2 protein chains.
Amino acid sequence: MRGAALVLLLSVLSAQTPSGPAATRAAVERWVTANQRPIVAELMALLAIPNVAADRANILRNVAFLEQAFATRGFTTRRLETPGNPLFFAERRTPGATKTTLIYAHVDGQPVDAKAWNQPDPFTPVTRGDRIYARSASDDKGPIIATLAALDALAAAGLQPSTHLKVIIDAEEEASSPSLVPAVTQYRDLLAADMMLIFDGPIHSSGRPTLAFGARGIITATLTVFGPKSGVHSGNYGNWVPNPALRLSQLIASLKDDEGRVTVEGYYDDVAALTAEERALLAGVPDDSAQLMRAFGIAAPERKGRSLQEGLQEPTLNIRGLASSHVGAGARTIIPDRAVAEIDLRLVKETSGRKLLQLIADHIRRQGFHLVDGEPDDATRAQYSKIAWLRVGQETPAFRTSPLLPESRALASAMEAAFGAPPVQIRTLGGTVPIAPFVDALRVPAVLVPIVNFDNNQHEENENLRMGHFFTGIQILAVALTR
Amino acid sequence: MRGAALVLLLSVLSAQTPSGPAATRAAVERWVTANQRPIVAELMALLAIPNVAADRANILRNVAFLEQAFATRGFTTRRLETPGNPLFFAERRTPGATKTTLIYAHVDGQPVDAKAWNQPDPFTPVTRGDRIYARSASDDKGPIIATLAALDALAAAGLQPSTHLKVIIDAEEEASSPSLVPAVTQYRDLLAADMMLIFDGPIHSSGRPTLAFGARGIITATLTVFGPKSGVHSGNYGNWVPNPALRLSQLIASLKDDEGRVTVEGYYDDVAALTAEERALLAGVPDDSAQLMRAFGIAAPERKGRSLQEGLQEPTLNIRGLASSHVGAGARTIIPDRAVAEIDLRLVKETSGRKLLQLIADHIRRQGFHLVDGEPDDATRAQYSKIAWLRVGQETPAFRTSPLLPESRALASAMEAAFGAPPVQIRTLGGTVPIAPFVDALRVPAVLVPIVNFDNNQHEENENLRMGHFFTGIQILAVALTR
């Protein structure tokens, strides 16, 4: 049996043609079709264990499940103790392999408000139509079970992964993964790998196999422009006391042009121009702009002729909130005492959030503002006619693995060979993923391989996993592991 | 007695020198000093009658008080019935006079929250230090009693007003005077006069006799800029979905320059340039800019080198409120669905609020916005990339009597002669007074002659009247009536 598997393995490894991944995929598909019942049963069993990060007793039950599940597949397992929940680690050598793949997933889920769900208990999964409804069905227990099923399917077909495998499963992802980055220092050797595959997140809305090579980071800030110490009568002093809502508006208007391009000096300096090859990759993403615009109720994107994917390659400067005195029924005829803008900057790999905010601070000073670091006192108010406070919030870095690296190309080629068309290749996801600081610390090429349906209600009530996506996802992960 | 009074009267009328008003003032001052006790007793009696406009039974007790008080001073009185509270009207002919003065005051007061006061009952006046505390002590029962005392003092000195007198006392002023303007149509002949004196409002903070020749009007508006139908993820769509908070800021910034000058085409076209004489009047107002700036905590006024009084001669465009999504703890990383600015325009005599808002609407269109009149529907959203809604609110007109009219000059000269220095002459009060539509409808030169202390807590708890201001106020009103 072992000998036969080795012969089959060698024949697969030596195939050197697109039929290799295609054959793998076909074998996995057959095995999955024949084994849907036990695969789904294992998923149901894992979904039945509550998994909110703060619920340590149940988290340990989830970890015990993983230990048993990966041990069954020939992995040696280990709990990496941390000040918080343990990280689950598993490892399996692949005969003949020279490289190592590190698989990342997370077993914890978002807190639940059971009353908001269409079922009695989010931890008692129910099937409706072609979906399973339960907390973490998609985020991220579905991909964990799909990984196990992919390993089973490969073994059943006498196939094996192309690399040694390491697995790290976080149990605090939805609580911002506080233990993950410290673990890199403590367990660097253990985690060492040639490539990291992140099995998390939704597949492209087109349903096509998707690879995401990076995600934007984020930094937030609060910009306050100060007016009089307290609101003053807009009649008695209008045209004399300066209005902070006007000045904040003028400041915001000075930050961006009519098409949303940031006009702050140096803002895009660190962002490298895209190569023709990168542009082609972006153009290949099958976003349906017209459909998106209809859904959002907008007639045009911010910048004429620019695609969503192009926009995602640059840092943003987003005004996410504005406030000054009151609007609506509570509006009063005053010159307000202050005006506040909440800002978030989405970052790309080349841009540091703190540096961008420093450029913005310099810009604000060039507009004649004195920047304070808190409420201005009387002496400051007497000295400076324009006073603002730019308070810097939390930063989460971006990450990006070049889609042009050999590792990236090999993965994309395997997908193309297996599925008959190139995968959707996302150079940069627009949003921010909590895994980014871990990727940043590990310094390993990392690629997200998402499989779950786009409309999975992630983080909300009635989270679900579409079975079609799940079963195809097992094929996708098997192809990724045998790339 | 009548003969002697007539001789004295004729000697006063023929005096033709500054000693006339000065002598009147001195005589009134002597009489007031000798009669403080009964004057204050009459004030206390009126303050003891509750006077919230909605409390009709007590309003009628106030009116009955006025009927008795004015009848005692030789007036014929009348209730002008309206759909709301009656207006009190009184009239007294002055032998030899050819002109008529219409005195306006109001007997109703703001609602009270007794628990917030430092006394058990706002309608049981108490004396603390040199002030009487009670609802309407300053606004506006103090001036009514001061008028009665001025008439008594003149009579005791054998002096009489320079004109026939008519008195109209509103009992719904704090409820926006709904009956006053309609009464102009119904009682135009009865109300006919050559000049109106409005005995209401606080004297200039310098304490000097004050004449106010006008007040700004107001119109409000709500400007909404629409973004996507609902907030969208700032990461997934940042740099692609337009941000309404940015666009609103850009729009607001386009409305005014760095010094607060409105840049909307034609905004100041109707405002006549000030003459040298008018500029001199404004310069004569003893505003303490340095003190005001300290109090407000600002280092400079909105426009360099411009005085408060100069600012009050022009319409404003004030951003009184801003909102878009959330700020502070509730801030979310989204591109908001809308951004809203609440606006108020303070108007001067020459500017119509509706016309100014029309100019602003034209300006908004020139910035590329499509203006809607409600929530935009899908078809509108699909057609126009920039959509805004300028919703127009209530308008109250401005009024102004030229300080250069003979009637105005006569009043100011009498004050100067009586008090040894020119009065503070306010060409335009910055705020809006509810009497403006009445003045507008009557088309009579109208001047406010305020007497009560600036710090009287008008409209709030612990409303009070400083006795020094009250007793000097009696002299001021006597001089105004004998101008």
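All of these numbers come straight from a predicted model, not from anything done at the bench. All heavy atoms count here, side chains included; hydrogens, waters and symmetry mates do not. Here is how names work: the chains are called A, B, and so on, in the same order as the sequence lines, proteins then strands, and each is numbered from 1.
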Q.
Given 3.5 Å as the limit, does a donor-acceptor pair link the side chain of A:N243 with the main chain of B:I319, or not?
A. yes
Q. Of the backbone (N, CA, C, O) and the side chain (C-beta and beyond), which part of B:D377 lies under 4.5 Å from a heavy atom of chain A, both, or neither?
A. neither
Q | Spatial distance of atom OG1 (A:T333) from atom CD (B:E342) [nearest 0.5 Å] | A | 11.5 Å
Q: Heavy atoms only, distances under 4.5 angstrom: which of B:G368, B:G328, B:G330 has the most pairs with chain A? Name it, please.
A: B:G328
Q: Provide the closest heavy-atom pair for A:A295 versus B:K229 in the form atom of the first, atom of the second, distance.
A: O-CD, 4.0 Å
Q: Quick one: which of A:Q313, A:M293, A:R332 has the most heavy-atom pairs under 4.5 Å with chain B, could you say?
A: A:R332
Q) Hey, are the side chains of B:P242 and A:I298 touching, using non-hydrogen atoms and a 4.5 Å cut-off? A) yes
Q) So, does B:Q250 use its side chain to make a donor-acceptor pair with the main chain of A:I252 at under 3.5 Å? A) no
Q.
On a heavy-atom basis, which atom in A:L312 and which in B:G235 lie closest, and how many Å separate them?
A. CD2-O, 3.8 Å
Q) Top residue by heavy-atom pair count (under 4.5 Å) with chain A, among B:A341, B:A245, B:G297? A) B:G297
Q. Within a radius of less than 6.0 Å around CZ of B:F454, do more than 12 heavy atoms belonging to other residues, nucleotides or ligands occur?
A. no
Q) Does atom CZ of A:R366 have more than 12 heavy-atom neighbours, drawn from other residues, nucleotides or ligands, at distances under 6.0 Å? A) yes
Q. Between B:R346 and A:S234, is any side-chain donor less than 3.5 angstrom from a side-chain acceptor?
A. yes
Q. Should the heavy atoms of other residues, nucleotides or ligands under 6.0 Å from CD of B:Q394 be counted, would the total exceed 12?
A. no
Q | Approximate separation, where rounding is to 0.5 Å, of A:W240 CH2 and B:D287 CG | A | 8.0 Å
Q: Could you grab the distance from atom CG of A:L429 to atom CG of B:N236, nearest 0.5 Å is fine?
A: 8.0 Å
Q) Can you find a heavy atom in the side chain of A:E302 that is under 4.5 Å from one in the side chain of B:Y237? A) no
Q. Between B:S307, B:A215, B:A339, which residue shows the highest count of heavy-atom pairs closer than 4.5 Å to chain A?
A. B:S307
Q. Is B:R320 reaching over with its side chain to a backbone N or O of A:S325, donor-acceptor style, under 3.5 angstrom?
A. no
Q | B:N239 CG to A:E310 CD distance, which is reported to the nearest 0.5 Å | A | 11.0 Å
(Q) On a heavy-atom basis, which atom in B:D258 and which in A:K386 lie closest, and how many Å separate them? (A) OD1-NZ, 3.0 Å
Q: Among the options B:L251, B:T380, B:L308, B:I343, pick out the one with the most heavy-atom pairs lying under 4.5 Å from chain A.
A: B:L308
Q: With a 4.5 Å cut-off on heavy-atom pairs, point out which of B:S254, B:S324, B:G431 contacts chain A the most.
A: B:S324
Q.
Out of B:I387, B:D378, B:N318, B:D344, return the one with the most heavy atom pairs under 4.5 angstrom to chain A.
A. B:N318
**Q.** Under 4.5 Å from any heavy atom of chain B - which part of A:Q383
**A.** backbone
Q: Kindly indicate whether the side chain of B:S249, heavy atoms from C-beta on, has any atom under 4.5 Å from the side chain of A:L322.
A: yes
Q) Where does B:A382 contact chain A at under 4.5 Å (heavy atoms): side chain, backbone, both or neither? A) backbone
Q | Proximal component of B:R216, with respect to chain A [non-hydrogen, under 4.5 Å] | A | side chain
